[in-house]
Undergrad: 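Would you mind keeping the following structure in view while I ask a few things?
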Protein chains: 2
Amino acid sequence: MYTYQYPRPALTVDCVIFGLSEDSLKVLLIQRAHDPYSGYWAFPGGFVDMDETTEVAARRELAEETGIQEMFMEQLYTFSGVDRDPRERVVSVAHFALVKLSDYKVTAGSDANRAEWFAVDQVPKLAFDHDQILQVALARLKGKVRYQPIGFELLPEKFTLGQLQKMYEHILGRELDKRNFRKKILGMELLLPLTEQQKGVSHRAAKLYQFDRAKYQALEASGFMFEI
Amino acid sequence: MYTYQYPRPALTVDCVIFGLSEDSLKVLLIQRAHDPYSGYWAFPGGFVDMDETTEVAARRELAEETGIQEMFMEQLYTFSGVDRDPRERVVSVAHFALVKLSDYKVTAGSDANRAEWFAVDQVPKLAFDHDQILQVALARLKGKVRYQPIGFELLPEKFTLGQLQKMYEHILGRELDKRNFRKKILGMELLLPLTEQQKGVSHRAAKLYQFDRAKYQALEASGFMFEI
DNA sequence: CCAAAAGTGTTCTTTATACACCCATGT
DNA sequence: ACATGGGTGTATAAAGAACACTTTTGG
């Protein structure tokens, strides 16, 4: 038991994890097995321990609940509505994360802790204030993806320009012109063209590319701004 | 006394308040009267009560410590470093605020609670991790001022184009071309020209303008993007 | 031979940048 | 009369937007 002179809110983290399938942008949800909101879906999360930052806590919870590790993650926003949890005062630091969906099978999941990927436009009513958290996360992703090369975190290491373009189209919610897109992205000279080609597709095989992180970091340090 | 099954970090807010003087961008600091960091300067802040959100807490603390009310404020970032406070675990939700400096005299301040405006490039070594908080706040301000019309929050209701341009120059840290600046800002048609003119200056009096908030909100709703 | 995505340039429009002089006012 | 900032337009360069056909591959 721990005693304090003044009352303290509980401190938790929640994680909005985005992944990209062939036909849509997805988020990972966990179905709650207990009240409150038993049966509702919610973002994975949990309490912050005394010896870890919120980001460390978010990564730990994510590894525990989904097995996902080493993904791109950043702090999203801190939700502190007084009644966001009906049991007691809980302040939650939400994080948002991007993963290469190809690396993680859809967790079949134990009965007590079912995890599932949902297309972002087919997410059901969520537990607590998680609907609001999702809105904030989507807005952040849309705003950020155009000015920082974080979209690559959603794709496999080697990808085609078609996949890259589709990723932006799914996130931004509008179509892009193929020739203009290629001109722009190749003009930045941040994609390493590989000799390798796409395999097993029933149409002309596309060239594979890799994002050149080292080059980006060098350019960024000298004032270069990524932009799509 | 309040007892919990597991230990909880204390939850606080800190406020980075920016103001604009004629010759520089300033932040409001408070000199600490007690250990730890006695004598050091720090951002105003304090504990979050159980019946208020962090933003409400930040506004309350700010009113208590400085008398400033009703300013633009938004959440900045949550700092959760395990050793950021040497006494115990404290997680702080930092906010950043913009005020019309003209509305607030530099608080002379009681001895126990001296408040003072510092030019952002002349801030001394601060208490706790507040140096880091300041860096994050400055980066946010620079990033945001170009794409959202928040800079007006730093100016009086009625301002000249010269003041407006100087504000951007101070925040962005570089000079702007006068004619191009005017072309762009007037082209957005978000400034209401007043019949009134500047007074008491020893040179040609400039026309005064007002930011048209209502028009901006209408335009924003239909997809318009502010940009300097 | 058909379907499906890959790959490729040019024109036009819009936006950004660079730049210099006269004007009004107070001291 | 001079110092100070206010106010104004044009030309050039760069970036963005619109647009259609040929190629390769598997079925």
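In what follows, chains are A, B, ... by sequence order, proteins preceding strands, each numbered from 1.
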Undergrad: Rounded off to whole Å, could you give me the CD1-to-P distance for the I228(A) and dA15(D) pair?
TA: 15 Å
Undergrad: Which parts of residues 170-199 of chain B get close to DNA chain C, meaning a heavy atom less than 4.0 angstrom away?
TA: D177(B), R179(B), N180(B), K183(B), K184(B)
Undergrad: Passes side chain to side chain donor-acceptor pair (under 3.5 Å), S80(B) versus T53(A)? Steps please.
TA: CA-CA 5 Å; S80(B) 63; T53(A) 63; 4.6 Å; no
Undergrad: Round to the nearest Å and state the distance from K207(A) atom NZ to dT24(D) atom C1'.
TA: 14 Å
Undergrad: So H130(B) and F128(B), would you call those rings parallel, tilted or perpendicular, with 30° and 60° as cut-offs?
TA: tilted
Undergrad: Sequence neighbours excluded and cut-off under 3.5 Å, please list the side-chain donor-acceptor pairs for residues 154-173 of chain B, or say none.
TA:
unit_1: K158(B); atom_1: NZ; unit_2: E196(B); atom_2: OE1; d: 2.8
unit_1: T160(B); atom_1: OG1; unit_2: G162(B); atom_2: N; d: 3.4
unit_1: T160(B); atom_1: OG1; unit_2: Q163(B); atom_2: N; d: 3.0
unit_1: Q163(B); atom_1: OE1; unit_2: T160(B); atom_2: N; d: 2.8
unit_1: Q165(B); atom_1: NE2; unit_2: E169(B); atom_2: OE2; d: 3.0
unit_1: Q165(B); atom_1: NE2; unit_2: L176(B); atom_2: O; d: 2.9
unit_1: E169(B); atom_1: OE2; unit_2: L176(B); atom_2: N; d: 2.8
unit_1: H170(B); atom_1: ND1; unit_2: K166(B); atom_2: O; d: 3.2
unit_1: H170(B); atom_1: NE2; unit_2: D23(B); atom_2: O; d: 3.1

Undergrad: Using heavy-atom distances to pick each residue's nearest nucleotide on DNA chain C, tell me which of Q163(A) and S202(A) is more 5'.
TA: S202(A)
Undergrad: Pick the nucleotide of DNA chain D nearest each of A205(A) and A206(B); which residue has the one closer to the 5' end?
TA: A206(B)
Undergrad: Just the rounded figure in Å: distance from C1' of dT22(D) to CZ of R204(A).
TA: 9 Å
Undergrad: Specify the residue among G200(A) and K166(B) whose closest nucleotide of DNA chain D lies further upstream toward the 5′ end.
TA: K166(B)
Undergrad: At a heavy-atom distance below 4.0 Å, which nucleotide of DNA chain C is the first touched by chain A, and which is the last?
TA: dA4(C) to dT10(C)
Undergrad: Could I get the full list of side-chain contact (heavy atoms from CB on, under 4.5 Å) partners for L219(B), not counting sequence neighbours?
TA: L190(B), K215(B), F224(B)
Undergrad: Please set out all donor-acceptor pairs under 3.5 angstrom arising from side-chain atoms of residues 132-151 of chain B, sequence neighbours excluded.
TA:
unit_1: R140(B); atom_1: NH1; unit_2: E74(B); atom_2: OE2; d: 3.4
unit_1: R140(B); atom_1: NH1; unit_2: Q75(B); atom_2: O; d: 3.3
unit_1: R140(B); atom_1: NH2; unit_2: L76(B); atom_2: O; d: 2.6
unit_1: K144(B); atom_1: NZ; unit_2: E74(B); atom_2: OE1; d: 3.0
unit_1: K144(B); atom_1: NZ; unit_2: E74(B); atom_2: OE2; d: 2.9
unit_1: R146(B); atom_1: NE; unit_2: I228(B); atom_2: O; d: 3.1
unit_1: R146(B); atom_1: NH2; unit_2: I228(B); atom_2: O; d: 3.4

Undergrad: Got a sec, which residues hit side-chain contact (heavy atoms from CB on, under 4.5 Å) with K207(A), two or more places apart in sequence or on another chain?
TA: P193(A), Y209(A)
Undergrad: Is E116(B) salt-bridged to R114(B), cutoff N-O under 4.0 Å?
TA: yes
Undergrad: Is E189(B) salt-bridged to K184(B), going by a charged N under 4.0 Å from an acidic O?
TA: no
